[in-house]
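Only one structure is covered here, and it is reproduced in the block below.
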Amino acid sequence: MAKFSDIKGFVFDLDGVITDTSVFHSQAWHQVADKVGAPWSKELEDGLKGISRMDSLEMILKAGNLSDQYTEDQKIALATEKNTNYLKLVDQMTPDNILPGIKDFLDDIQSHGYLLSLASASKNAPKVLEKLQLTTYFPKIVDPKTLSKGKPDPEIYLKGAELINLKPEQCIGVEDAGAGVESINAAGETSIGIGDKQILKDADINFEDTGEMTLTNIQKQMA
Ligand code: G6P
Ligand code: MG
């Protein structure tokens, strides 16, 4: 693990880290799973975190042995329907949907001069940030349309560091998804996993929830 004094920036995941939208994604995917007749499970739900829209649909179809049953056009229609349902939930969001402690943490790291970027697989990230009134914190956002591979590939976290002109070793990546922690680690950044320690066992630092994530707590674990 890097030394705390080497850290110059933070690369953030969005869904499940900054806000509780992972619940909305799950809700909307669950509807798709029910519609196609694929079994829904906690494992599937956790496995979908951090995974792009079309790859998520493929995982759901695979869980129901249905991969060959849908044409490309039908798959796009299902993914579009999911997104429409997801956006209905996003539309109701306010800054109250920011997870505990996140606003203070963002203010704290910003006032200490750390650089910030966003590494979310979501094409809806700018809209979600707008609803949360957090847009000004993230002038640098990785555009998922420019990626050739999604999480767990390191590409998205490497781009997140590049956007703020830092080396990966100078960055901490923050994630709630197993695939995301893998991506951070493969990129050579220090990983913080927020949530279930079993699922996020590969993270350099674990916090049970966002409220525990403070500069002091991070420093203690990296010293
Ligand atoms: C994030 C979420 C995933 C979601 C993905 C794509 O990584 O954790 O659950 O599938 O973004 O989101 P989008 O909004 O583009 O469908
Ligand atoms: Mg996430």
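Whatever order the structure lists ligands and atoms in, that order sets their numbers, starting from 1.
- At a threshold of 2.8 Å, the Mg ion (ligand 2) has a backbone or side-chain N, O or S atom of Asp13 nearer than that distance.
- Heavy-atom proximity to Gly50, at under 4.0 Å, picks out these atoms of ligand 1: 2 (C), 3 (C), 7 (O), 8 (O).
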Next item on the list: Would you check, one step at a time, whether the test side-chain hydrogen bond (donor to acceptor under 3.5 Å, both in side chains) holds for Lys82 with His25?
Entry: CA-CA 8 Å; Lys82 179 267 172 178; His25 279 293; 2.8 Å; yes
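- Under 4.0 Å from ligand 1, the heavy atoms of Leu48 that appear belong solely to its backbone.
- A heavy-atom separation below 4.0 Å is not found between Ser22 and ligand 1.
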Next item on the list: Tell me, with the steps shown, if Tyr114 and Gln170 meet side chain to side chain contact (heavy atoms under 4.5 Å, CB included).
Entry: CA-CA 10 Å; Tyr114 291 98; Gln170 297 175 303; over 6 Å; no
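- Ion pairing of Asp13 with Lys151 is present here, as a side-chain N (NZ or NE/NH1/NH2) and a carboxylate O approach within less than 4.0 Å.
- Any N or O atom pair closer than 3.5 Å counts here, and Asn124 shares at least one such pair with ligand 1.
- Atom 2 (C) of ligand 1 has Asp15 OD2, 3.4 Å as its closest protein atom, hydrogens excluded (heavy atom only).
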Note to self: The test is side-chain hydrogen bond (donor to acceptor under 3.5 Å, both in side chains); show your working for Glu45 and Ser26 and say whether it passes.
What the structure shows: CA-CA 6 Å; Glu45 183 174 4; Ser26 291; 3.2 Å; yes
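- When only interatomic distances are considered, the shortest N/O to N/O separation between Lys123 and ligand 1 falls below 3.5 Å.
- The shortest N/O to N/O separation between Ser52 and ligand 1 does not fall below 3.5 Å.
- In Asp15, the N, O or S atom that comes nearest to the Mg ion (ligand 2) is O.
- Heavy-atom minimum distance, Gln92 versus Lys88: NE2-O, 3.5 Å.
- The N/O atoms of Arg53, backbone and side chain alike, include one that comes under 3.5 Å of an N/O atom in ligand 1.
- Within ligand 1, counting atoms from 1 as listed, the ones closer than 4.0 Å to a heavy atom of Ser56 are 10 (O).
- Counting just the N/O/S atoms of Asp176, the one with the shortest distance to the Mg ion (ligand 2) is named OD1.
- The 12-atom threshold is exceeded at NZ of Lys75, counting heavy atoms of other residues, nucleotides or ligands nearer than 6.0 Å.
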Next item on the list: Start with the C-alpha distance between Asn83 and Asn124, add both sets of side-chain angles, then the distance that settles side-chain hydrogen bond (donor to acceptor under 3.5 Å, both in side chains), and finish with yes or no.
Entry: CA-CA 9 Å; Asn83 195 49; Asn124 296 305; 2.9 Å; yes
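- Annotation for Gln74: atom CD counts as buried by contact number, over 12 foreign heavy atoms lying within 6.0 Å.
- Within the set Ser120, Ala121, Gly16, the minimum heavy-atom distance to atom 6 (C) of ligand 1 is found for Ala121.
- In summary, Lys127 and Asp91 engage in a salt bridge, as defined by a charged side-chain N under 4.0 Å from a carboxylate O.
- In this structure, atom 5 (C) of ligand 1 lies nearest to the protein heavy atom Ile51 O, 3.3 Å.
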